[in-house]
Amino acid sequence: MARPRFKNLDRATRRRILETAAEEFAARGFEGTSLNQLIERLEISKGSFYYYFDDKADLFTTVVDRAWAIFLPDGIPDLESFSPANYWTALESLMRGARARIRENPWLIGFTRLLYEPPEIPGVREAVAEKFAEARTWQADLIRRGQDIGTVRGDLPAELLQALLVGADEAADRWLFSHWETTDPAEMERICSEMFAIFRRMLESPPK
């Protein structure tokens, strides 16, 4: 986590530093990114870098925080807001919004690929694991909420449904982030819509 003084920088400067770092990490990997070359590209002195960050790992985890803030800009939605009438449409809207923010922040594509195999650096892997754990906790609560209101099937345990969803979701994300830059946006939207339909069919309560 960046030192508090980093937050005192203006928003544009913070954004430039983090997005430039993300591009370097995505292009070269964590180990392959030279801190000296990165500092040079950031157009700051080494003293300024250590004024804001403890080290390269600290910068990396700060970029992770920035990425997560974009994926969930308004925090985790209140589960009570999900009802039988809006459960699936609300979820699809969340996914659509996330894709729109990815298009607005193309640096997310390459950087997110790194998060599925984070470097074995103290603090880094734990920081990434914590973010995924937060997402999985919300996902589990969302499935249980769906079961409580009758929109998610109740004939299977919530834990099993989530295990199935996590496997399918990760496989889909890996494919999407690997093909994002080479796939026409309209076609990518179609694929994402079809994937959501598959997830829905897997989880939705069967008709009575």
Side-chain angles (χ1 to χ4, degrees), residues 1-3 6-7 9-44 48-50 52-76 94-139 166-185 188-189 191-192 195:
M1 179 67 67
R3 297 182 178 184
F6 179 68
K7 296 181 180 179
L9 290 171
D10 64 87
R11 180 178 297 182
T13 300
R14 294 199 309 270
R15 178 173 179 172
R16 180 182 63 80
I17 289 175
L18 296 182
E19 292 184 6
T20 300
E23 291 170 358
E24 286 292 307
F25 287 131
R28 309 177 192 282
F30 182 87
E31 296 291 353
T33 297
S34 163
L35 183 56
N36 288 334
Q37 291 179 357
L38 177 56
I39 290 173
E40 182 177 348
R41 187 178 171 193
L42 292 175
E43 298 179 345
I44 61 176
S48 294
F49 177 86
Y50 287 110
Y52 302 128
F53 307 99
D54 291 338
D55 49 28
K56 187 169 68 171
D58 190 24
L59 173 60
F60 188 94
T61 57
T62 304
V63 177
V64 171
D65 287 338
R66 170 62 179 159
W68 236 258
I70 293 174
F71 284 128
L72 292 172
D74 299 319
I76 297 177
L94 282 174
M95 299 301 100
R96 192 181 302 113
R99 294 195 298 274
R101 291 189 294 277
I102 290 172
R103 293 192 183 92
E104 294 168 359
N105 299 273
W107 60 270
L108 281 169
I109 303 301
F111 185 76
T112 302
R113 293 187 192 119
L114 299 177
L115 302 186
Y116 286 103
E117 296 179 6
E120 293 284 357
I121 303 296
V124 172
R125 182 168 287 271
E126 292 82 358
V128 174
E130 181 180 344
K131 295 299 184 185
F132 276 110
E134 290 175 2
R136 299 310 183 207
T137 296
W138 183 78
Q139 188 181 61
V166 166
D169 190 33
E170 181 174 332
D173 282 350
R174 285 177 178 268
W175 189 93
L176 293 173
F177 283 112
S178 295
H179 295 79
W180 188 275
E181 294 114 328
T182 57
T183 304
D184 177 79
M188 182 59 75
E189 275 299 297
I191 291 173
C192 289
M195 287 305 305

In short, salt bridge (Lys or Arg N to Asp or Glu O under 4.0 Å) pairs touching residues 20-34 with sequence neighbours left out are E23-R41, E24-R28, E24-R41

Nearest non-hydrogen partners of V124 and A57, listed with the distance
CG2-CB, 3.6 Å

Are there more than 12 heavy atoms of other residues, nucleotides or ligands under 6.0 Å from atom CD of E170?
yes

Kindly compute the distance separating CH2 (W68) from CG (L115), expressed to the nearest 0.5 Å.
6.0 Å

Taking all non-hydrogen atoms of both residues, which atom of I39 and which atom of I44 are closest, and how far apart?
CG2-O, 3.1 Å

I'd like to check the side chain to side chain contact (heavy atoms under 4.5 Å, CB included) partners of Y50; sequence neighbours left out, ordered by chain and number.
L35, K46

Please identify each residue that fulfils salt bridge (charged side-chain N to carboxylate O under 4.0 Å, His left out) with K56, with sequence neighbours left out.
none

Spacing of CZ belonging to F177 relative to CG belonging to L114, to within rounding of 0.5 Å
11.5 Å

Can you find a pair of side-chain heavy atoms, one from R66 and one from W107, that are under 4.5 Å apart?
yes

Considering residues at least two apart in sequence or located in another chain, which fulfil the salt bridge (charged side-chain N to carboxylate O under 4.0 Å, His left out) criterion with R99?
E189

Starting from the C-alpha separation in whole Å, work towards a yes-or-no answer on side chain to side chain contact (heavy atoms under 4.5 Å, CB included) for F71 and R101.
CA-CA 7 Å; F71 284 128; R101 291 189 294 277; 5.5 Å; no

Is a donor on one side and an acceptor on the other found under 3.5 Å between the side chain of T61 and the backbone of A127?
no

Which atom names give the shortest non-hydrogen contact between A21 and L59, and what distance separates them?
CB-CD2, 3.7 Å

Applying the salt bridge (charged side-chain N to carboxylate O under 4.0 Å, His left out) criterion to R125, which one of E130, E117, E120 satisfies it?
E120

Do F53 and F60 make the cut of ring centroids closer than 6.0 angstrom?
no

In chain order, what residues pass the side-chain hydrogen bond (donor to acceptor under 3.5 Å, both in side chains) check against D55, with sequence neighbours excluded?
none

Check whether any side-chain heavy atom of F111 lies under 4.5 Å from a side-chain heavy atom of N105, and answer yes or no.
no

Restricting to non-hydrogen atoms, name the atom on A22 and the atom on V63 that form the minimum distance, rounded to 0.1 Å.
CB-CG1, 3.7 Å

Give the C-alpha distance, both sets of side-chain angles, the deciding distance and a yes or no for side chain to side chain contact (heavy atoms under 4.5 Å, CB included) between I191 and L176.
CA-CA 9 Å; I191 291 173; L176 293 173; 4.2 Å; yes

Could you walk me through whether F6 and L18 pass the side chain to side chain contact (heavy atoms under 4.5 Å, CB included) check?
CA-CA 11 Å; F6 179 68; L18 296 182; 4.0 Å; yes

Hey, is CD on E126 packed in by over 12 heavy atoms from elsewhere, all under 6.0 Å?
yes

Mind checking whether Y116 and F132 have ring centres under 6.0 Å apart?
yes

Looking at A26 and G110, what are the two nearest heavy atoms and their distance?
CB-C, 3.5 Å

Suppose we screen for side chain to side chain contact (heavy atoms under 4.5 Å, CB included). Which residues come up paired with T13, at least two apart in sequence or across chains?
L9, D10, R16, I17

What is the minimum heavy-atom distance between W180 and R103, and which atoms define it?
CZ2-CG, 3.7 Å

